J.: 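Quick one: structure below, then a few questions.
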Amino acid sequence: MGVIVRFAPSPTGYLHIGGARTAIFNYLYARHHDGKFYLRIEDTDVERSEKQYEDEILESMQWLGMDYDGKPIYQSQRTDLYKSYIKKLLDSGHAYFCNCSKEELDAERERAMAEKRKPVYSRKCRYNPAKEGVIRFKVTETGSTTFDDKILGNITINHEEIEDFVIARTDSSPTYNFTVVVDDAQMGITHVIRGDDHVNNTPKQILIFDVVTRGPGDIYQE
Ligand code: GLU
(Lines give C-alpha, C1' and ligand atoms only; values in the text may rest on other atoms or scores of the structure.)
Protein backbone atom coordinates (compact mmCIF):
# COMPACT_ATOMS: atom_id res chain seq x y z
CA MET A 1 0.00 0.00 0.00
CA GLY A 2 1.41 3.39 -0.99
CA VAL A 3 1.87 6.19 1.52
CA ILE A 4 -1.07 8.61 1.84
CA VAL A 5 -0.71 11.46 4.33
CA ARG A 6 -2.54 14.69 4.99
CA PHE A 7 -2.01 18.12 6.48
CA ALA A 8 -5.25 19.13 8.21
CA PRO A 9 -5.15 22.74 9.44
CA SER A 10 -8.15 24.46 11.01
CA PRO A 11 -8.66 27.92 9.49
CA THR A 12 -9.08 29.52 12.90
CA GLY A 13 -5.86 31.53 12.69
CA TYR A 14 -2.84 32.13 10.47
CA LEU A 15 -0.58 29.21 9.61
CA HIS A 16 2.02 29.29 12.38
CA ILE A 17 5.45 27.74 12.52
CA GLY A 18 4.15 24.57 14.23
CA GLY A 19 1.60 24.05 11.48
CA ALA A 20 4.18 24.67 8.76
CA ARG A 21 6.47 22.15 10.44
CA THR A 22 3.72 19.51 10.48
CA ALA A 23 2.97 20.23 6.82
CA ILE A 24 6.63 19.91 5.83
CA PHE A 25 7.03 16.54 7.58
CA ASN A 26 3.94 15.22 5.79
CA TYR A 27 5.04 16.64 2.47
CA LEU A 28 8.56 15.21 2.66
CA TYR A 29 7.31 11.83 3.83
CA ALA A 30 4.87 11.59 0.94
CA ARG A 31 7.32 12.76 -1.69
CA HIS A 32 10.11 10.52 -0.38
CA HIS A 33 7.84 7.48 -0.65
CA ASP A 34 6.27 8.55 -3.91
CA GLY A 35 2.96 8.73 -2.09
CA LYS A 36 0.09 11.19 -1.83
CA PHE A 37 0.01 14.39 0.21
CA TYR A 38 -3.46 15.85 0.74
CA LEU A 39 -4.54 19.16 2.20
CA ARG A 40 -7.69 18.99 4.32
CA ILE A 41 -9.20 22.20 5.63
CA GLU A 42 -10.90 21.42 8.94
CA ASP A 43 -13.52 24.14 8.90
CA THR A 44 -16.37 22.55 10.85
CA ASP A 45 -16.09 25.06 13.70
CA VAL A 46 -18.20 27.74 12.01
CA GLU A 47 -17.77 30.24 14.81
CA ARG A 48 -13.99 30.24 14.74
CA SER A 49 -13.21 29.41 11.08
CA GLU A 50 -12.63 32.33 8.74
CA LYS A 51 -12.19 32.58 5.01
CA GLN A 52 -9.22 34.95 5.39
CA TYR A 53 -7.31 32.30 7.35
CA GLU A 54 -8.20 29.66 4.81
CA ASP A 55 -6.83 31.85 1.97
CA GLU A 56 -3.73 32.58 3.97
CA ILE A 57 -3.11 28.86 4.57
CA LEU A 58 -3.37 28.16 0.83
CA GLU A 59 -0.99 31.06 0.08
CA SER A 60 1.47 29.91 2.72
CA MET A 61 1.51 26.40 1.28
CA GLN A 62 2.34 27.87 -2.08
CA TRP A 63 4.99 30.16 -0.62
CA LEU A 64 6.59 27.19 1.12
CA GLY A 65 6.60 25.32 -2.19
CA MET A 66 4.50 22.48 -0.81
CA ASP A 67 2.33 21.29 -3.65
CA TYR A 68 -0.42 18.98 -2.43
CA ASP A 69 -2.15 16.37 -4.53
CA GLY A 70 -5.57 17.15 -5.98
CA LYS A 71 -7.69 19.95 -4.62
CA PRO A 72 -8.02 20.90 -0.95
CA ILE A 73 -10.71 18.91 0.84
CA TYR A 74 -13.11 21.00 2.90
CA GLN A 75 -14.77 19.32 5.85
CA SER A 76 -17.65 21.80 5.64
CA GLN A 77 -18.61 20.15 2.35
CA ARG A 78 -18.71 16.66 3.84
CA THR A 79 -21.41 17.08 6.46
CA ASP A 80 -23.72 14.51 4.85
CA LEU A 81 -20.99 11.91 4.97
CA TYR A 82 -20.36 12.55 8.69
CA LYS A 83 -24.07 12.45 9.45
CA SER A 84 -24.48 9.14 7.63
CA TYR A 85 -21.73 7.67 9.82
CA ILE A 86 -23.25 9.11 12.98
CA LYS A 87 -26.53 7.44 12.04
CA LYS A 88 -24.72 4.14 11.48
CA LEU A 89 -23.16 4.40 14.93
CA LEU A 90 -26.51 5.17 16.56
CA ASP A 91 -28.23 2.34 14.69
CA SER A 92 -25.55 -0.17 15.60
CA GLY A 93 -25.55 0.82 19.28
CA HIS A 94 -22.07 2.41 19.24
CA ALA A 95 -23.43 5.84 20.15
CA TYR A 96 -26.32 7.34 22.11
CA PHE A 97 -28.13 10.59 22.80
CA CYS A 98 -27.34 12.40 26.03
CA ASN A 99 -29.35 15.27 27.43
CA CYS A 100 -27.51 15.77 30.72
CA SER A 101 -27.54 19.46 31.58
CA LYS A 102 -24.46 21.60 31.91
CA GLU A 103 -25.22 21.91 35.65
CA GLU A 104 -25.31 18.12 36.07
CA LEU A 105 -22.06 17.71 34.17
CA ASP A 106 -20.39 20.54 36.11
CA ALA A 107 -21.48 18.98 39.40
CA GLU A 108 -20.09 15.59 38.31
CA ARG A 109 -16.82 17.22 37.37
CA GLU A 110 -16.54 19.05 40.68
CA ARG A 111 -17.25 15.85 42.60
CA ALA A 112 -14.53 14.03 40.70
CA MET A 113 -12.03 16.83 41.33
CA ALA A 114 -12.89 16.89 45.05
CA GLU A 115 -12.37 13.13 45.19
CA LYS A 116 -9.14 13.52 43.19
CA ARG A 117 -10.50 11.35 40.37
CA LYS A 118 -10.14 12.08 36.69
CA PRO A 119 -13.34 13.84 35.62
CA VAL A 120 -15.02 11.39 33.29
CA TYR A 121 -18.70 11.56 32.27
CA SER A 122 -20.73 9.16 34.45
CA ARG A 123 -22.32 7.55 31.36
CA LYS A 124 -25.74 8.12 32.91
CA CYS A 125 -27.48 8.41 29.52
CA ARG A 126 -25.66 5.37 28.18
CA TYR A 127 -27.82 3.23 30.43
CA ASN A 128 -30.95 5.32 29.98
CA PRO A 129 -30.55 7.01 26.58
CA ALA A 130 -32.27 10.29 25.82
CA LYS A 131 -34.21 10.94 22.61
CA GLU A 132 -32.24 14.06 21.71
CA GLY A 133 -29.29 16.11 22.85
CA VAL A 134 -25.63 15.62 22.11
CA ILE A 135 -24.48 12.27 20.72
CA ARG A 136 -21.84 10.41 22.68
CA PHE A 137 -19.63 7.56 21.53
CA LYS A 138 -19.75 4.41 23.67
CA VAL A 139 -16.21 3.75 24.82
CA THR A 140 -15.60 0.09 25.72
CA GLU A 141 -15.66 0.10 29.51
CA THR A 142 -12.92 -2.43 30.11
CA GLY A 143 -9.45 -2.92 28.72
CA SER A 144 -7.17 -0.40 27.12
CA THR A 145 -5.99 0.93 23.79
CA THR A 146 -2.34 0.90 22.81
CA PHE A 147 -0.78 2.64 19.87
CA ASP A 148 2.73 2.84 18.56
CA ASP A 149 3.80 6.45 18.30
CA LYS A 150 6.94 6.55 16.17
CA ILE A 151 8.49 9.28 18.35
CA LEU A 152 7.11 8.56 21.83
CA GLY A 153 6.93 4.76 21.59
CA ASN A 154 4.03 2.59 22.76
CA ILE A 155 1.31 4.52 24.56
CA THR A 156 -1.41 2.71 26.49
CA ILE A 157 -4.56 4.36 27.81
CA ASN A 158 -7.04 2.54 30.05
CA HIS A 159 -10.59 2.84 28.76
CA GLU A 160 -11.85 3.89 32.17
CA GLU A 161 -9.88 7.11 31.67
CA ILE A 162 -11.65 7.89 28.41
CA GLU A 163 -15.12 9.26 28.79
CA ASP A 164 -17.97 8.64 26.37
CA PHE A 165 -17.04 11.71 24.38
CA VAL A 166 -19.34 13.85 22.30
CA ILE A 167 -19.29 13.17 18.55
CA ALA A 168 -22.19 15.47 17.59
CA ARG A 169 -23.41 18.66 19.20
CA THR A 170 -27.08 19.39 19.98
CA ASP A 171 -27.45 21.05 16.56
CA SER A 172 -26.25 17.67 15.14
CA SER A 173 -22.97 19.11 13.85
CA PRO A 174 -20.16 16.56 14.22
CA THR A 175 -17.12 17.28 16.40
CA TYR A 176 -13.43 17.24 15.53
CA ASN A 177 -12.65 13.81 17.00
CA PHE A 178 -15.30 12.27 14.79
CA THR A 179 -14.80 14.07 11.47
CA VAL A 180 -11.07 13.50 11.54
CA VAL A 181 -11.56 9.74 11.74
CA VAL A 182 -14.21 9.52 9.05
CA ASP A 183 -11.92 11.50 6.75
CA ASP A 184 -8.73 9.64 7.59
CA ALA A 185 -10.58 6.36 6.95
CA GLN A 186 -12.26 7.55 3.76
CA MET A 187 -9.09 9.11 2.41
CA GLY A 188 -7.13 5.94 3.11
CA ILE A 189 -4.57 7.80 5.24
CA THR A 190 -1.71 5.42 5.99
CA HIS A 191 0.28 7.57 8.44
CA VAL A 192 -0.90 10.36 10.72
CA ILE A 193 1.89 12.90 11.18
CA ARG A 194 0.88 15.77 13.49
CA GLY A 195 1.80 17.71 16.61
CA ASP A 196 1.97 15.92 19.95
CA ASP A 197 -0.89 18.10 21.18
CA HIS A 198 -3.02 15.39 19.56
CA VAL A 199 -1.59 12.44 21.53
CA ASN A 200 -4.57 12.61 23.93
CA ASN A 201 -7.01 12.47 21.03
CA THR A 202 -5.40 9.44 19.42
CA PRO A 203 -6.96 6.67 21.58
CA LYS A 204 -10.43 8.19 21.09
CA GLN A 205 -9.85 8.32 17.37
CA ILE A 206 -8.60 4.73 17.26
CA LEU A 207 -11.76 3.56 19.05
CA ILE A 208 -13.93 5.31 16.45
CA PHE A 209 -11.70 4.10 13.64
CA ASP A 210 -12.46 0.53 14.69
CA VAL A 211 -16.16 1.01 13.91
CA VAL A 212 -15.91 3.24 10.83
CA THR A 213 -15.58 1.54 7.47
CA ARG A 214 -12.40 2.22 5.62
CA GLY A 215 -12.83 3.99 2.30
CA PRO A 216 -11.30 3.43 -1.12
CA GLY A 217 -8.05 5.27 -0.34
CA ASP A 218 -7.68 7.73 -3.14
CA ILE A 219 -10.39 10.26 -2.40
CA TYR A 220 -10.37 11.52 -5.99
CA GLN A 221 -11.46 8.13 -7.28
CA GLU A 222 -14.48 7.79 -4.96
N1 GLU B 1 -7.30 20.32 12.58
C2 GLU B 1 -6.41 19.91 13.61
C3 GLU B 1 -5.57 21.07 14.06
O4 GLU B 1 -5.46 22.05 13.34
C5 GLU B 1 -5.44 18.83 13.15
C6 GLU B 1 -6.06 17.52 13.06
C7 GLU B 1 -5.11 16.36 12.81
O8 GLU B 1 -4.02 16.54 12.26
O9 GLU B 1 -5.51 15.27 13.14
O10 GLU B 1 -5.01 20.99 15.13
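Remember, predicted model here, so these are calculated numbers, not experimental data. All ligand and atom numbering here is 1-based and tracks the order in the structure.
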J.: Between Tyr176 and His198, what is the ring plane arrangement, given parallel below 30°, perpendicular above 60°, and tilted in between?
T.: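 Tilted: the ring planes of Tyr176 and His198 meet at 30° to 60°.
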
J.: Write out each pair where an N or O from ligand 1 and one from the protein are under 3.5 Å apart, with the distance.
T.:
from: ligand 1; atom 1: 1 (N); to: Ala8; atom 2: O; distance (Å): 2.7
from: ligand 1; atom 1: 1 (N); to: Ser10; atom 2: OG; distance (Å): 2.9
from: ligand 1; atom 1: 1 (N); to: Glu42; atom 2: OE1; distance (Å): 2.5
from: ligand 1; atom 1: 4 (O); to: Ser10; atom 2: N; distance (Å): 3.4
from: ligand 1; atom 1: 4 (O); to: Ser10; atom 2: OG; distance (Å): 3.3
from: ligand 1; atom 1: 8 (O); to: Arg6; atom 2: NH1; distance (Å): 2.7
from: ligand 1; atom 1: 9 (O); to: Arg6; atom 2: NH2; distance (Å): 2.9
from: ligand 1; atom 1: 9 (O); to: Tyr176; atom 2: OH; distance (Å): 3.1
from: ligand 1; atom 1: 9 (O); to: Arg194; atom 2: NH1; distance (Å): 2.7
from: ligand 1; atom 1: 10 (O); to: His198; atom 2: NE2; distance (Å): 3.0

J.: Considering residues at least two apart in sequence or located in another chain, which fulfil the side-chain contact (heavy atoms from CB on, under 4.5 Å) criterion with Glu141?
T.: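 Testing Glu141 for side-chain contact (heavy atoms from CB on, under 4.5 Å), a comparison that skips the adjacent residues, returns Arg123, Arg126, Tyr127.
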
J.: Rest of the hydrophobic cluster containing Leu105 (Ile/Leu/Val/Met/Phe/Trp/Tyr, side-chain heavy atoms under 4.5 Å)?
T.: Tyr96, Tyr121

J.: Testing the basics here: between Thr190 and Gly2, what is the closest heavy-atom pair and its distance to 0.1 Å?
T.: CG2-O, 3.3 Å

J.: Side-chain donor-acceptor pair under 3.5 Å between Thr202 and Arg194, yes or no?
T.: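 Distance-only check passes for Thr202 and Arg194.
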
J.: How is the hydrophobic cluster of Val166 composed, in terms of its other members, when Ile, Leu, Val, Met, Phe, Trp and Tyr link through side-chain heavy atoms under 4.5 Å apart, directly or indirectly?
T.: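 Traced through the cluster, Val166 reaches Val134.
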
